[in-house]
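Ligands are counted one by one from 1 in listed order, and the atoms in each one are counted from 1 as well. In this chain, numbering begins with 1 at the start of the sequence shown.
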Amino acid sequence: MTQLTLPQFSFKLRDHYLIGENVSFKASPNTSGLFSANGPDTIVIHFTAGSSLHSSVDVLTNADSGVSAHFAIGRSGDIVQMLPTNRIAWHAGESVYAGRRGLNRYSIGIELDNAGQLKAKEDGLFESWFGSTYDESEVIAARHPHQSFKGYWHKYTDIQIAATMSLCRLLCEHYPISTVVGHDEIAPSRKVDPGPAFPMEELRKSLAQSTEKKESHSDKSSERGLHTQIRDKVIDVTSSQKRHVANVSANSLNVRTGPSILSPLVEPALYKGEVLNVLEKRGEWAKVSFTKTGWVNTHYINEISVRLPLKR
Ligand SMILES: [Zn+2]
């Protein structure tokens, strides 16, 4: 992203409704009721693959469409909220992440106005599925991790990304958000949004930083923040006389470079039943070795202790 002086978005969330200068509300009937008492713990980012914010909001608020989202963010940073953030929206579809299915029940959906994946034309322009064309300056060329070829993707605007980051930060203050994912990460066989043009790692980093800042200024150690795990006491498993082994209990388990949901992924993910050596534990995270070394959430592994002979 180019460094621009971006306006500060001063949003507030009051009774699950977003309040701010560039915010409007248009109700969607497409909801299956309230989240469970815990509230949403995940944010899912999408692109609309639509021609305008207006046209996408029309679809997301149409009872016949069968889809909705909590927020849609336009290319000038304007935000349309369609459901209060205590109600379940229909944006994820069939989905699975970290052993949970049907992510609508746990997540806030944010749709970004963006034309999606584009096709290169002979005249040097790029064309969307709905026939609009875009100049080279509005496009990035990148291979999506799910695809075997380099694709062309409509860029997001800087102000749109800034609004998305501000909104996510606010949501993290109000709900126990521990996961921010792209639709492509929870429905990998069907979806490529928000795609390589979206700065997912920057978003995760920025949320981790603001959570750290918030936590260093408060004493609420019980608060379930994005980074609380890291401060948890280090338990050195290797110093005990047991060899710790675990197997994967989730259908698919992400491995990360650090003990946080915001740490980058170590590919490939693990599958149910795979056996791991447990090297170290920090809070709800375990450092494991398999063909590589990485961190996994202990909720999705079964630990088995194997006693080592005292002498070799
Ligand atoms: Zn999507």
For D193, the N, O or S atom at the shortest distance from the Zn ion (ligand 1) is OD2

Is K191 salt-bridged to D193, going by a charged N under 4.0 Å from an acidic O? no

Vertex the Zn ion (ligand 1), arms to H46 ND1 and H183 ND1, rounded to 10°: 90°

Sub-6.0 Å ring centroid separation between F198 and Y156: yes

I'd like to know if the side chain of D184 pairs up with that of H144 as donor and acceptor (distance under 3.5 Å, no hydrogens or angles considered). yes

Quick check: does H91 put an N/O/S atom under 2.8 Å from the Zn ion (ligand 1)? no

Where D113 and S51 come nearest, the two heavy atoms and their spacing: OD1-C, 4.3 Å

